[in-house]
Structures are given as C-alpha cells and as structure tokens.
2 protein chains.
Amino acid sequence: MKKATIADVAKHANVSKSTVSQYLNKRYEYMGEETRKKIAEAIQELHYRPNFMARSLKQQSTFTIGVIVANIIHSFSTKIINGLEAEFDKKGFHMIICNSADEPSKEKKHIETLLERQVDGFVIFPTGKNEALYRTLTMQNIPIVFIDRFIEKLEIPSVLLDNMKAMEMAVSSFNVHPLAVVTTSLDLQITPRVERLEGFRLALQKRNMEVLEEYIRHGETKELPQIFDELFSLATPPKGMIATNDRVSQELMLYVKKHQIRVPDDLQIVVIDEMPYTEFMTPPLTTIEQPSDLMAKQAAALLFEKIEMGTFKEMKNLYRFEPIFLKRDSTLL
Amino acid sequence: MKKATIADVAKHANVSKSTVSQYLNKRYEYMGEETRKKIAEAIQELHYRPNFMARSLKQQSTFTIGVIVANIIHSFSTKIINGLEAEFDKKGFHMIICNSADEPSKEKKHIETLLERQVDGFVIFPTGKNEALYRTLTMQNIPIVFIDRFIEKLEIPSVLLDNMKAMEMAVSSFNVHPLAVVTTSLDLQITPRVERLEGFRLALQKRNMEVLEEYIRHGETKELPQIFDELFSLATPPKGMIATNDRVSQELMLYVKKHQIRVPDDLQIVVIDEMPYTEFMTPPLTTIEQPSDLMAKQAAALLFEKIEMGTFKEMKNLYRFEPIFLKRDSTLL
DNA sequence: CTGTTAGCGCATTCAG
DNA sequence: CTGAATGCGCTAACAG
C-alpha cells in the first residue's frame with residue numbers, strides 16, 4: 001500500500017496531473033463539474049494526500065517556524081510555546097521546537113539545522129553568545145524574533161517584560177528593609193536577570209536607599225540554598241526578598257519551609273512569574289506576572305509581518321510588556 | 001543574497017554536483033584531497049546549506065516526528081515533551097508539536113496535515129475518538145505510539161502508567177475512611193481517568209470496603225469546587241482524598257486553603273503527578289509520581305524500532321510503568 | 001575518483 | 001478547460 005501521488009490520482013480519474021493540481025489548489029473554474037467529481041472520488045479511493053515537502057520545495061516556503069527555547073521545562077517557556085502554538089495554528093503554520101539548554105553551541109546547531117530545513121522564520125530565546133550567527137541571519141533577511149532576551153546592536157526585535165517596571169513594582173510593595181534579590185546564574189548575562197538586578201538597584205536609589213551588593217545575589221539553582229544561608233547569616237538579614245523567576249521562587253519556598261521562616265512577619269516575599277502554587281501557599285505569594293499570551297501574540301505578529309511583507313513595519317527593536325501586579329499576603333503594604 | 005544551491009558550489013569549486021553531494025554525505029573516499037578542500041572553501045564562501053526538504057523528498061524520510069498532545073500546558077505533557085525532545089535530538093530527529101486540546105476534530109486535522117508533511121512517525125496523546133483514522137494509519141504502516149492513553153483493539157502500542165497500581169498505592173497509604181477520589185472530565189473516557197477511578201474501586205473491594213459512588217467524582221476543572229462542596233456536605237464527609245492529576249490537586253489545594261481544612265487531621269491527601277509545590281506545601285503532599293522520562297524514552301524507543309526496522313519487536317500493546325510513591329506528610333500511615 | 005543522467009512529487013507556464 | 005514540458009535542490013546509479 002504505497003503512497004499515492006498526484007500522477008496516480010490523475011490516471012485514476014482519467015485527467016492530467018495539472019488538472020488534479022488545479023483541483024487541489026481549488027481553482028475549480030478551470031474544470032467541468034464531472035471532472036471535479038471524478039477527481040474527488042479518485043482522491044478518496046487512493047487515500048491520496050498531497051506531499052507537503054514537494055510543494056514546499058517548489059514554493060520555497062515550508063509554513064513552519066523554528067522555535068528555540070532555553071529550557072522547555074521552565075514555566076515561562078511553556079506558556080510562550082502554548083501561546084505561539086495558538087497563533088501559528090491560526091495561520092496554518094507549524095512549529096519545530098528545539099531546546100538550547102542555554103548552551104550556545106546547541107543553539108547554533110539548532111539554528112543551522114532549522115535553516116537547512118528551510119523554516120520560514122525563527123522565534124528564539126537567545127543565549128546571546130552567537131552574535132555572528134544572529135547577524136548573518138539578519139543579513140540573509142531571515143525572519144527572526146527574540147523573546148525574553150535582548151541582544152544589542154542587532155536589528156532583531158525582542159519581545160520582553162518591562163523588567164525595570166517589574167522591579168519598581170516589587171520594591172514598592174515592601175514596607176521593610178533591608179531588601180534582597182536573588183536570581184539564577186548570570187554566566188550568560190541573560191537579559192531578564194541582569195535587568196531585574198539593575199532594576200532593583202535603581203528602585204532603591206530612587207528611594208535614596210543604600211544599594212548593598214551583598215543583598216543582590218545570583219547562582220546556579222543548586223547553589224541557591226547556600227546563597228539563602230549566606231543572606232540570612234548577614235549581620236542584618238533581609239526582611240524582604242524578591243525571587244526573580246520560578247526556579248528561585250521554588251527554592252525559596254523550600255528554604256522558607258525548611259527553616260521555618262515566618263512569612264510575611266520575618267520575611268516578606270515577592271516573586272516574578274505566576275505559578276499554580278502562588279495562590280494557595282501559606283501565605284499566598286505576592287506575584288508579578290508576565291503577560292505571556294500577549295507576548296507570544298506580539299512575537300507571532302512581528303514574525304508574520306516580516307514573513308509576509310518582507311520587512312518589519314516599525315523600526316523598533318524593543319517591545320516591552322507591562323508586568324501584572326498580583327497583591328497577595330506575602331507582603332503587607 | 002540568494003540561497004546557494006549545490007550547483008553553485010559545484011561551479012565555484014569546478015567539480016560536478018554529484019561530487020559535492022558525495023562530499024556532503026561524507027563519502028570522502030571518492031575524491032582527491034584538493035577536491036575536498038576546494039569544495040569546503042566554496043561552501044564557506046557561499047554560505048551554502050544543503051536544502052533538507054529536497055533531500056527528504058528524494059529520500060522519502062523527513063527525520064521529523066509529529067507529536068500531538070492533549071494540552072501543552074499540563075505538567076505531564078510538558079515533561080513528556082521534554083523527554084521526547086532529548087531522545088529525538090540524539091537521533092537527529094526534530095519534532096513538530098501540535099495541540100489537540102482534547103478535541104477529536106483538531107486531532108484529526110493535525111494528523112492529516114502532519115501526514116502531508118510526511119512525518120516519519122507520531123507520538124500521540126489520543127483523544128480516542130478517531131478510531132477509523134488510527135486504524136487507517138496502522139494499515140498504512142505508519143509508525144505511531146500512543147502515550148498516557150490506550151485505545152483498545154488497535155495494534156498501536158501505548159505507554160502508560162500502571163494506574164491500578166497507582167491507586168492501590170494511594171489507597172493503601174490512608175489509615176482513615178471514607179475515602180474519596182476526584183478526577184477531571186470523563187466525557188472522552190480518557191484512559192488514566194477511567195482506570196484511576198476503577199483502580200480506586202478495586203483497591204476498596206480488595207479490602208472489603210464498601211464502594212460508594214458518591215465518593216467517586218469527576219467534572220470539568222471549573223466544576224471541581226462545587227464537587228468538593230458536595231463531597232464535604234455528605235453525611236459522612238471524606239477523611240481522605242485522592243487527586244488524580246495536577247488540575248485536581250491544584251483545585252483541591254485552593255479549596256483546602258479557602259475552607260481552612262486541616263491536613264492531614266481533617267483530611268488526608270494523596271495526589272498523582274509530582275509538581276514543584278508538592279514538596280513545600282504545608283504539609284508536603286504525599287505524591288504518586290509518573291516516571292515521565294522513562295516513559296518518554298520508551299515511547300521514543302518503540303517509535304524508532306518501527307521506523308528503523310519497519311515493525312515492532314514485540315507484539316505488545318501495553319507498556320505499563322511503575323508509579324513512584326513519595327511518602328510525605330499529607331498522609332499519616 | 002569524477003561527471004552524466006534520471007527521478008523524488010508537485011506547481012506553473014504555455015500551447016492546444 | 002486540458003496536457004506536455006520544465007524545474008525546485010538533491011541523491012543515486014552508472015559510466016567513464
């Protein structure tokens with residue numbers, strides 16, 4: 001039971017291949033009523049399905065987008081993937097998902113193989129360490145949109161959270177001090193992490209509060225307990241803490257529980273990224289949510305702009321989204 | 001700056017297309033040292049990348065797997081996707097992810113378009129309502145593996161949790177009664193839900209406990225609070241409860257919090273699906289975990305068996321995985 | 001070791 | 001309205 005081709009259908013219906021092709025492309029004007037029926041029947045009988053690869057080869061378009069996430073398992077990636085899927089589906093596009101695991105070499109490999117697969121565009125959570133490659137892509141006019149992270153001096157639009165504002169919101173929701181902020185590894189200088197720490201410093205300065213670097217910490221996930229230990233061993237332990245992403249927030253919850261730290265009495269907490277548990281923790285966590293669906297929509301819209309019109313409408317590289325403040329009980333103000 | 005083809009490279013290097021093709025396929029034996037260098041240079045200069053579509057067309061293989069999940073956002077789907085990605089990546093395969101949203105019509109549409117895209121195989125969380133289509137696929141000898149759900153009378157292997165055992169574990173971890181079990185919608189008779197309810201009944205019977213259907217509930221996510229209300233309004237409210245998936249467990253946590261139900265004193269709880277929060281809830285939740293990585297590995301292995309050898313090694317349709325019991329403090333035994 | 005030839009399945013002229 | 005011819009980019013014999 002081999003796969004039927006357009007030629008088989010043509011033979012079966014006693015017409016020519018091009019007539020069948022017309023039919024498939026719904027150009028019914030160019031054929032008789034009965035011809036149409038015969039073709040329809042033949043397609044049914046042979047279980048014929050057009051070969052998308054062949055069409056793509058001819059039409060130089062694959063209707064597929066390559067998506068490279070830094071880590072599928074992270075909550076924000078998942079939300080974005082979910083949002084992108086919905087948008088792509090509307091346009092009849094499919095997506096190939098790859099995982100860079102925040103390793104530049106993997107990212108490079110994936111970009112290259114996706115290129116070989118002739119994807120029509122990319123959505124990438126960039127590692128940031130493949131600048132030459134990003135530049136080549138732009139020069140070859142390949143549609144590409146970054147998400148979550150921004151790479152300077154590149155004409156590639158980035159869709160990201162207004163991290164400064166998020167930290168301003170966070171800081172303004174505490175009525176205690178000193179405040180600490182913790183994020184995950186800074187090895188790759190990943191935009192949201194860098195910006196959130198910087199936003200923290202700025203928010204303090206704005207309030208004429210001293211910026212003490214020992215309260216501004218970062219490290220691999222497994223180092224976080226140690227970091228918390230150090231923080232709470234300071235002469236003046238933090239009274240408020242900001243967890244800048246889901247990883248940190250989870251580790252912090254674990255730590256708080258283990259050490260029976262009372263929230264908000266001993267420690268007030270603000271976390272970035274809405275998670276299922278933030279609402280039913282004791283106490284529920286004051287959270288700053290990223291509007292992931294809007295962000296995915298924006299990314300998809302930008303990408304299609306470039307794919308369909310060959311260029312971005314606006315000469316704008318930065319699309320910042322408003323964080324959503326969810327006041328709950330881990331802060332008091 | 002148009003894309004270079006193999007012909008451009010050949011011209012640039014003063015050799016024939018087929019020599020270049022040999023080079024690309026690493027059949028270096030058939031060419032001179034300097035020829036090789038010249039080709040390498042030409043490829044560099046022209047930024048040449050082989051067109052994977054063209055190769056696929058010729059080779060009748062796309063090195064891509066279609067993955068259809070019931071809902072990307074569910075924790076188990078995400079974990080499986082993550083596991084599959086790792087396995088596929090090892091073999092140089094990519095995956096196209098689609099969302100059926102548990103709608104049979106969407107599932108059908110996705111299967112059909114993925115077929116047109118000539119995917120080499122499928123991994124599907126089946127809705128169960130497209131039996132004719134599943135059957136056609138099997139008859140056309142298309143590699144396909146189901147996950148999480150089992151469809152009877154089909155020669156399609158399914159990778160799933162040993163749900164009976166999971167419920168036996170759950171029931172045996174309580175030292176109170178009556179016990180209740182809650183799952184999400186049963187409209188589609190989705191395997192894990194059906195089996196978990198049935199496993200619950202069986203576990204009770206085994207212990208000569210009465211099976212009372214009013215303690216065995218199911219409903220849409222938004223109906224769950226109402227269902228909990230009803231359960232706790234019974235003459236004898238449940239003293240122990242099993243949440244059969246992450247949705248139910250989250251709704252239950254919300255409910256328990258809202259109504260200040262004391263766990264485990266007033267209500268003992270066991271949940272299925274390990275989640276970030278199970279460990280740091282108060283109290284930590286006794287959990288039954290699905291070995292998602294092993295399951296993804298198994299699914300991938302089966303699929304590749306069929307892809308590479310044209311047949312499954314074993315005439316076996318059911319691959320059951322041992323649940324992992326994580327005793328924590330929401331149960332007392 | 002290298003070049004020629006002939007498709008893979010489809011879409012698109014361009015004559016009939 | 002239909003059919004023949006051509007090519008998308010690559011691979012795979014098969015000669016040389």
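In what follows, chains are A, B, ... by sequence order, proteins preceding strands, each numbered from 1.
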A.B. asks: Can any side-chain N or O of B:H110 pair as donor or acceptor with the backbone N or O of B:K106 at less than 3.5 Å?
C.D. replies: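 Pair found, side chain donor or acceptor close to backbone of B:K106.
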A.B. asks: What is the separation between atom CE on A:M53 and atom P on D:dC10, rounded to the nearest whole Å?
C.D. replies: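 So the CE-P distance, A:M53 to D:dC10, works out to 13 Å.
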A.B. asks: Kindly say if A:N51 contacts the phosphate of C:dC8, meaning a side-chain N or O under 4.0 Å from OP1 or OP2.
C.D. replies: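 Answer is no, no contact under 4.0 Å.
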A.B. asks: What's the closest nucleotide to the A:Q59 side chain, out of C:dT12, D:dT11, C:dG9?
C.D. replies: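 Within the option list, the nearest is C:dT12.
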A.B. asks: Between A:Q118 and D:dG9, does any side-chain N or O lie under 4.0 Å from OP1 or OP2?
C.D. replies: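 Result: no.
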A.B. asks: I want to verify a distance call: between C:dC10, D:dT11, D:dT2, whose nearest atom is closest to the A:R55 side chain?
C.D. replies: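 Of the options given, the side chain of A:R55 lies nearest C:dC10.
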A.B. asks: Between C1' on D:dC10 and CZ on A:R117, what's the gap in Å once rounded to a whole number?
C.D. replies: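 Atom CZ in A:R117 sits about 16 Å away from atom C1' in D:dC10.
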A.B. asks: Looking only at side-chain atoms of B:T19, point me to the closest of C:dA11, D:dT11, C:dT2.
C.D. replies: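 Selected nucleotide: C:dT2.
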A.B. asks: In whole Å, what is the span from the CD atom of B:Q22 to the P atom of D:dA12?
C.D. replies: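 To the nearest whole Å, that distance equals 9 Å.
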A.B. asks: The side chain of B:Q60 lies closest to which of these nucleotides: D:dC10, C:dG9, C:dT4?
C.D. replies: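 From the listed options, C:dG9 comes nearest.
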A.B. asks: Could you give the CG-to-P distance, from B:N25 to D:dA13, as a whole number of Å?
C.D. replies: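 Interatomic distance, CG of B:N25 to P of D:dA13: 12 Å.
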A.B. asks: Taking atom P of D:dG3 as reference, at what distance in whole Å does atom OH of A:Y23 sit?
C.D. replies: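 Answer to the nearest Å: 17 Å.
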A.B. asks: Is there a side-chain polar atom (N or O) of A:S18 under 4.0 Å from OP1 or OP2 of D:dG3?
C.D. replies: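 No, outside the criterion.
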A.B. asks: How about A:Y134 and A:F146: are their ring centres within less than 6.0 Å of each other?
C.D. replies: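 Yes, the ring of A:Y134 comes within the 6.0 Å limit of the ring of A:F146, centre to centre.
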A.B. asks: Let me know, please, whether A:K17 or B:N14 comes out on the 5' side of the other along DNA chain C by nearest nucleotide.
C.D. replies: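 It is B:N14 whose nearest nucleotide is closer to the 5' end.
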A.B. asks: Just call it for A:T35: base, sugar-phosphate, or nothing, with non-hydrogen atoms closer than 4.0 Å on any strand.
C.D. replies: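 Since only primed, P, OP1 and OP2 atoms lie under 4.0 Å of A:T35, the category is sugar-phosphate.
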A.B. asks: Rounded to whole angstroms, how far apart are CD on B:E116 and P on C:dG9?
C.D. replies: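 For the pair B:E116 CD and C:dG9 P, the rounded distance is 15 Å.
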A.B. asks: So which nucleotide from D:dC10, C:dA11, C:dG9 ends up closest to the side chain of A:S21?
C.D. replies: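 Shortest atom-to-atom distance from the side chain points to C:dA11.
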A.B. asks: Would you indicate whether the side-chain heavy atoms of B:F312 and B:M315 approach each other to under 4.5 Å?
C.D. replies: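 No, their side chains stay 4.5 Å or more apart.
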A.B. asks: Should A:K109 and B:D89 count as an ion pair when the cut-off is N to O under 4.0 Å?
C.D. replies: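 Salt bridge: yes.
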A.B. asks: Could you check how far NZ of B:K38 sits from P of C:dT2, rounded to whole Å?
C.D. replies: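 The distance from NZ of B:K38 to P of C:dT2 comes to 9 Å, rounded to the nearest Å.
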A.B. asks: Of all the choices, C:dG9, C:dT4, C:dA11, which nucleotide is nearest to the side chain of B:S16 once you look at every atom?
C.D. replies: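 Shortest atom-to-atom distance from the side chain points to C:dT4.
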A.B. asks: Rounded to whole Å, how long is the line connecting atom NZ of A:K58 with atom C1' of D:dC10?
C.D. replies: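 In whole Å, D:dC10 C1' and A:K58 NZ are 15 Å from each other.
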A.B. asks: Could you please name the option among D:dC10, C:dG9, C:dC10 that lies closest to any side-chain atom of B:Y48?
C.D. replies: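 The listed nucleotide nearest to B:Y48's side chain is D:dC10.
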A.B. asks: Are A:F304 and A:F93 near enough that their ring centres are under 6.0 Å apart?
C.D. replies: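 Yes, ring centres under 6.0 Å apart.
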